[in-house]
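Scope of the values below: all heavy atoms of this structure, side chains included, with no hydrogens, waters or symmetry mates.
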Amino acid sequence: MIPGRVISEELIAEIEPFSNIPENFKISPDSKHFVYLEKENDKEFIFLDGKKEKQYDNIEGYTFSPDSERLAYAANESGKWFMLVDGKEEKKYDSVKNFVFSPDSKRLAYAANESQKWFMVVDGKEEKQYNKTSEPVFSPDSTRLAYAANDGEKWFIIIDGEEEKQYNMSLSLTFSPDSQHVAYVAQDENKMFAIIDGNEEKRYDSVLTNTLMFSPDSNRSAYVAKEDGAWFVVVDGKEGKRYNDIQKYSPVFSPDSKKIAYAAREGNTLFVVVDGKEGKRYDNILKNTLTFSPDSQRLAYAVIDQEKWFVVVDGIEEERYDEVQKYTPVFSPDSKKLAYAAKLNDKWFVVEINNEKKIDQNSIVLSQDRIIVKNIIDDTNCMSSLRSLRALRCSLPENQHWLEDPNGKDRKYEGTVSLSSANIDLTFQNSDHANAIFETKIGKEYDGIVEGSLFFSPDSTHLLYGVLNGDKQFMVLDGNDGKKYDVIIFIYDGGAIVFDSPDRFHYIVRNGRGFYLVEETTTLSI
């Protein structure tokens, strides 16, 4: 029994242990189904939810539909390739590849080859043949389809069956979120440029592939371009300031589409640019960490500076650590909380910042175990940093009050300092400063945090993540350890920890030879 949690386990399959997890193992997006490949007597076959499927000479690319109810994969028999969709064999070809389900899971498109010609098969119907084709792209509403094709020396985009203008290269095809607009990058005569709804934008020396994007409201566009050795972001057709480099995986639009942020390099430093305004410069900004809050009012990212890692949120520098895990920080759905995984002295833990729980305006009580304080100098110069101090020394020079952290760096505070055996009470002369201080929780230390497993519940009341400790893995919910298993199956191309409601979630684990669907209901209240 785990206090505050009701846990049920359903045995999905019992199999011999194998070593190629996760490469050979895929979980459905809803984390309720799994598939993996096995071989027997020179034949290959898949196990779907522990049940053996038909054998073939070769099998490739098995993938679940977005709703997790369908499975498709390519199989080879006697030199011919064909798709298996929902267990049914489709027409045989010389080759098949690039199969994609539509977002609503009702449609399937893939490229097939016959007599050295490639063509798209959409909903079982063959389209026009070309020399080459790219991976198909469905619109978010699943009604439209686009892909690139080559019919000689030129490439062109085919949108809803209509061929666009030919170029030397056509790539990075994307639909707007409302499915009404389509954009891609083209190359012609050694110049690259974006094409949005058929309109060519300015030509540059280069356009960084996979940066062409629409805003969430579909009304804006952005991409990264290069000219005369300098990189810059083009937003709504307007060029931003030029830099030595723009970091990959940026720019990022805010959810309300009003802001855009990206990381830029100038000289040996990187900094975040929000709507043209440059932030503080650091040695490095970690990729895949730049994120807006759901309400678009907050921005967070992780940096490295002077060989230490830390998170910057709302312009405030958090405590410095030996490492911050990628894919964090993470905002809660209500935007009031933020969490990230950090490492210090070979141990990992989760830091949770709660903007909703402000410290009392008149005083700040700091525990002896771990002290969370806001560094304050005066009204006009507030050192933007939260510190997690593991020890404390107080000294009171004449007319000044100081706190010293374990690193030996003195921090100056306004107000009065009183000491007791239980706590240290800081009373600020200016209550506005006290309002800026919020609750920070530092979780228990573990050998590791499962990468990408950090989640808030839909109502933002619970924080959940997977940990590794010793030879076991388990879920931590609101700071409380869960039941221990051999492995929590968490794979980026399918499968996750899924909340079914604010107080109920499920995931898949392996324990010994058994694979289990674990469902948990929490009785904890925050």
Side-chain angles (χ1 to χ4, degrees), residues 23-24 26 37 39 42-46 53-65 70-102 107-139 142 144-175 182-192 195 198 207 209-210 212 493:
E23 292 81 2
N24 185 33
K26 288 189 178 180
L37 182 69
K39 293 184 178 182
D42 296 325
K43 290 285 186 177
E44 294 185 344
F45 54 93
I46 65 167
E53 300 273 306
K54 185 178 177 180
Q55 293 184 341
Y56 296 100
D57 293 340
N58 299 103
I59 290 175
E60 290 184 356
Y62 38 90
T63 184
F64 284 100
S65 58
R70 309 180 69 188
L71 179 71
Y73 59 93
N76 178 285
E77 190 69 29
S78 302
K80 285 290 186 178
W81 285 89
F82 48 94
M83 292 297 303
L84 280 103
V85 186
D86 305 326
K88 298 179 181 179
E89 298 178 1
E90 297 206 345
K91 185 177 177 179
K92 293 178 171 59
Y93 299 103
D94 293 339
S95 183
V96 293
K97 64 178 182 179
N98 295 335
F99 34 100
V100 177
F101 279 106
S102 59
R107 309 179 66 190
L108 179 73
Y110 59 91
N113 181 280
E114 189 70 31
S115 301
Q116 299 183 348
K117 286 289 186 178
W118 286 94
F119 49 93
M120 204 62 60
V121 179
V122 184
D123 303 326
K125 297 179 181 179
E126 299 174 1
E127 297 201 345
K128 184 178 176 180
Q129 295 186 352
Y130 299 101
N131 290 344
K132 297 178 182 178
T133 59
S134 68
E135 182 174 315
V137 177
F138 280 103
S139 60
S142 303
R144 308 180 68 188
L145 182 76
Y147 57 94
N150 174 285
D151 200 16
E153 296 181 355
K154 298 286 187 177
W155 283 86
F156 48 92
I157 298 294
I158 299 165
I159 305 173
D160 301 329
E162 298 292 327
E163 297 177 1
E164 297 278 299
K165 183 178 177 180
Q166 295 188 358
Y167 299 101
N168 291 343
M169 184 181 297
S170 299
L171 47 108
S172 298
L173 180 67
T174 185
F175 280 98
V182 63
Y184 58 95
V185 175
Q187 181 175 333
D188 210 22
E189 297 177 353
N190 297 321
K191 291 290 184 178
M192 297 181 72
I195 298 176
V207 172
T209 58
N210 301 320
L212 179 60
D493 59 357

Exercise. For S65 and F101, which heavy atoms make the closest approach, and how far apart are they?
Worked result: CA-CD1, 3.5 Å
Problem set entry | Polar side chain donor-acceptor pair, E53 to Y62, under 3.5 angstrom | no
Exercise. Considering all heavy atoms of both residues, which atom of L84 and which atom of A75 are nearest to each other, and what is their separation?
Worked result: CD1-CB, 3.3 Å
Problem set entry | Residue that, paired with I157, satisfies side-chain contact (heavy atoms from CB on, under 4.5 Å) out of I195, L173, V182, V137 | L173
Problem set entry | Approximate separation, where rounding is to 0.5 Å, of S139 OG and F175 CZ | 5.0 Å
Seminar exercise, completed: Taking every heavy atom of Q187 against every heavy atom of Y167, the minimum-distance pair comes out as O-CB, 3.6 Å
Exercise. If we only count heavy atoms from C-beta on, is the N113 to Y93 side-chain gap below 4.5 Å?
Worked result: no
Exercise. Would you say D86 has more than 12 foreign heavy atoms packed within less than 6.0 Å of its CG?
Worked result: yes
For this session: Report yes or no: is the cationic atom of K132 (NZ for Lys, CZ for Arg) under 6.0 Å from the centre of the six-membered ring of W155, at an angle within 45° of the ring normal?
Result: no
For this session: Begin with the C-alpha distance, continue with both residues' side-chain angles, and end with the deciding distance and a verdict on side-chain contact (heavy atoms from CB on, under 4.5 Å) for D151 and F156.
Result: CA-CA 9 Å; D151 200 16; F156 48 92; 3.9 Å; yes
For this session: Starting at CD of Q129, measure out to NZ of K117 and round the result to the nearest 0.5 Å.
Result: 7.0 Å
Exercise. Can you check whether V85 reaches F99 side chain to side chain, under 4.5 Å on heavy atoms?
Worked result: no
Problem set entry | 4.5 Å side-chain heavy-atom contact, Y130 and I158 | yes
Exercise. Considering only heavy atoms from C-beta outward, does the side chain of L71 approach that of I46 to under 4.5 Å?
Worked result: yes
For this session: Taking E44 for its side chain and I59 for its backbone only, find out whether a donor-acceptor pair lies under 3.5 Å.
Result: yes
For this session: Kindly say whether D57 contributes a backbone atom to a donor-acceptor pair with the side chain of N76 at under 3.5 angstrom?
Result: no
Exercise. Is any side-chain heavy atom of S134 closer than 4.5 Å to a side-chain heavy atom of N98?
Worked result: no
For this session: Decide yes or no on side-chain contact (heavy atoms from CB on, under 4.5 Å) for W118 and K97, but give the supporting numbers first.
Result: CA-CA 10 Å; W118 286 94; K97 64 178 182 179; 3.7 Å; yes
For this session: Considering non-hydrogen atoms only, spot the tightest contact between E164 and G198 and give its length.
Result: OE1-CA, 4.1 Å
For this session: First locate atom CG of D42, then atom NZ of K39, and finally report the distance between them rounded to the nearest 0.5 Å.
Result: 9.0 Å
Problem set entry | Closest non-hydrogen atom pair, A111 against M120 | N-SD, 3.8 Å
Problem set entry | CG (D160) with more than 12 external heavy atoms under 6.0 Å | yes
Problem set entry | Heavy-atom side-chain proximity of E127 to Y147 below 4.5 angstrom | yes
For this session: Report yes if some heavy atom in the side chain of K43 is under 4.5 Å from a heavy atom in the side chain of E77; otherwise report no.
Result: yes
Problem set entry | Under 3.5 Å: donor-acceptor pair, side chain of S172, backbone of N210 | yes
Exercise. So do the side chains of E126 and E114 get within less than 4.5 Å of each other, counting heavy atoms only?
Worked result: no
Exercise. Roughly how far, to the nearest 0.5 Å, is NZ of K191 from CG of N168?
Worked result: 14.0 Å
Seminar exercise, completed: So CD of E90 and CG of L108: to nearest 0.5 Å the spacing works out to 6.5 Å
Exercise. Under 3.5 Å, is there a donor-acceptor pair between the side chain of D94 and the main chain of Q116?
Worked result: no
For this session: Calculate, to the nearest 0.5 Å, the distance between atoms NZ and CD belonging to K91 and E89 respectively.
Result: 15.0 Å
Exercise. Is K154 paired with D188 through a side-chain N to carboxylate O contact shorter than 4.0 Å?
Worked result: yes
For this session: Determine the minimum heavy-atom distance between F45 and K54, stating which atoms define it.
Result: CB-O, 3.7 Å
